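This report concerns only the one structure given below.
Here is how names work: the chains are called A, B, and so on, in the same order as the sequence lines, proteins then strands, and each is numbered from 1. Just so it is clear, the model here is predicted, and its values are computed rather than measured.
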Amino acid sequence: MAFQAPKGTYDILPGTPFLAARDGLLEPARLAGYDYMEPPVFEDTELFARGVGASTDVVTKEMYTFSDRGGRSLTLRPEGTAGVVRAVLEHGLHHGQLPVKLRYAGPMFRAERPQKGRFRQFQQSGIEAIGLTDPALDAEVVALAWQGYQRLGLREVRLLLTSLGDPACRPAYREELTAFLTGLDLDEATHERARLNPLRVLDDKRPEVQAQLVAAPLIIDRLCADCKAHHDAVVAALDILDVPFEPAPRLVRGLDYYMRTTFEFVHDGLGAQSALGGGGRYDGLSESIGGPPLPGIGWALGIERTLLALEAEGVEVVGETGLAVFVVPLGTAAKAWAVGFVGQLRTRGVATDLAYGERGLKGAMKAADRSGARWAVVVGDRDLDADVAQLKDLTNGEQTAVPLSDLLEQLA
RNA sequence: GUGGGUGUAGCUCAGCUGGUAGAGCACCGGGUUGUGAUCCCGGUUGUCGCGGGUUCGAGCCCCGUCACUCACCCCA
């Protein structure tokens, strides 16, 4: 074979519940008033550099950046939030009712080494609630993701929740943590990471590192009064919403814009990449990309990982509705009739296909069976002479002759 | 970017100590001149990833290379 899909990409093939997962995860949000929108797949490189954070791995080494013919530097979006907020600002959506509630879905791009549950082009479904700082809104956003997973039938998703503080309390904490980390016996790369973003060292997986971190100061214990009150209110609201969560004081996210409420959905059946999705509050993002102060909170859920979780739990997701009727014509006159009949059924919204090609009746019936259709309509020239068609129920094999004049009505 | 594993039919894989390329599934046809899902019979499908080396002989051994994959890192 001459070509194959580029490294880290894959084909969404028939038979996978991709659409059911992508859209199903957003269904609770749709019912909560989150309208669909989608920003472009590429944006000005600077939008991501400033929005996501220049010190993040995503920006420093994982972006697909290119110059177009006009010499502009563009980047394939590595995440969705920056583009959504940019669109809100550009179109002034925040000048109307607040919060602006949006949902979106589509491909994201990061130039990482692929592995299980990690691709260079991957799909996310996400929502954003922009314009308000209200802990009840935080709880709604978190709950909508939780409900999305529940809706798909996942039962082993765990919600990790914490608060990362805000500009009032984080700087002092950051200093304290930096001082603590400086005293530790860490390798060069980790010290460098500590210098860039000390928070990120906290979720280092290595046991020898974790062992040194048991006494590390945690932001959740150092929250300012406002952040603490906000977090307490979020926790109380989640309780009311009956969304179970695990306090995760060491939870860190890789995008710089997160503050206060921060959360992640994890699953133990996925391999090393256990994060199904995540999100948080990003009250400073708008300003960092040149907009007015505009708080916001949202999440993005990975579709590929959701699919892996479904597989791990053995959940059968009902995919696309298949065919209802499969028509099997025998002979030229019957074929001509069938082509017209199939058209009529489709016009009435009945999913219908027919046996093309020169297969024998047996082969055509086999095709009818595999099509998943409930009904087979078998028509030969001698049926047409009698003005009937054979209507067969493929679930039980029962077949009756139905007058052609009644057939459409029976199936539609 | 750094490691490990794996590359044989459309798919999942077997292939002994180096000796003519296999199975199951799938697909096609027949058993039934007009009936599927079961059953029976038959059939199609290969650059053994690629290149080189050793050998009388390489799917198997050696070297290189590419791809895939898992993990580190990071994250969805």
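- In terms of heavy-atom proximity, A:A20 sits nearest to A:V317 at CB-CG1, 3.5 Å.
- Note on A:R370: every side-chain N or O is 4.0 Å or more away from OP1 and OP2 of B:A26.
- Of the candidates B:G36, B:C74, B:C73, the closest approach to any side-chain atom of A:D369 belongs to B:G36.
- Comparing B:C74, B:A76, B:U35 by their closest approach to the side chain of A:R193 singles out B:C74.
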Protein-nucleic acid N or O pairs under 3.5 Å, nucleotides 2-6 of chain B:
| unit_1 | atom_1 | unit_2 | atom_2 | d |
| --- | --- | --- | --- | --- |
| B:U2 | O4 | A:R113 | NH1 | 2.3 |

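- The side chain of A:K116 approaches B:C70 more closely than any other nucleotide in the set B:G36, B:A76, B:C70.
- Distances were taken from every side-chain heavy atom of A:E112 (C-beta onward) to each of B:C68, B:U35, B:A76; the shortest belongs to B:A76.
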Worked check of salt bridge (Lys or Arg N to Asp or Glu O under 4.0 Å) between A:D57 and A:R110: CA-CA 10 Å; A:D57 283 12; A:R110 292 182 202 174; over 6 Å; no
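- The side chain of A:K366 lies closest to B:G36 when the candidates are B:U35, B:C74, B:G36.
- In this structure, A:Y149 has its ring center under 6.0 Å from that of A:F265.
- Among the heavy atoms of the strands lying under 4.0 Å from A:Q390 is at least one base atom, whether or not backbone atoms are also near.
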Could you write out RNA chain B as a dot-bracket string, with dots for unpaired bases, | for bases paired across to another strand, and Watson-Crick or G-U pairs counted at under 3.5 Å? (((((((..((((.....[..)))).(((((.......))))).....(((((..]....))))))))))))....
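- Closest approach to the A:M365 side chain among B:C72, B:A76, B:U35 is made by B:U35 (side chain taken as heavy atoms from C-beta onward).
- For the pair A:R250 and A:L213, the minimum side-chain heavy-atom distance is below 4.5 Å.
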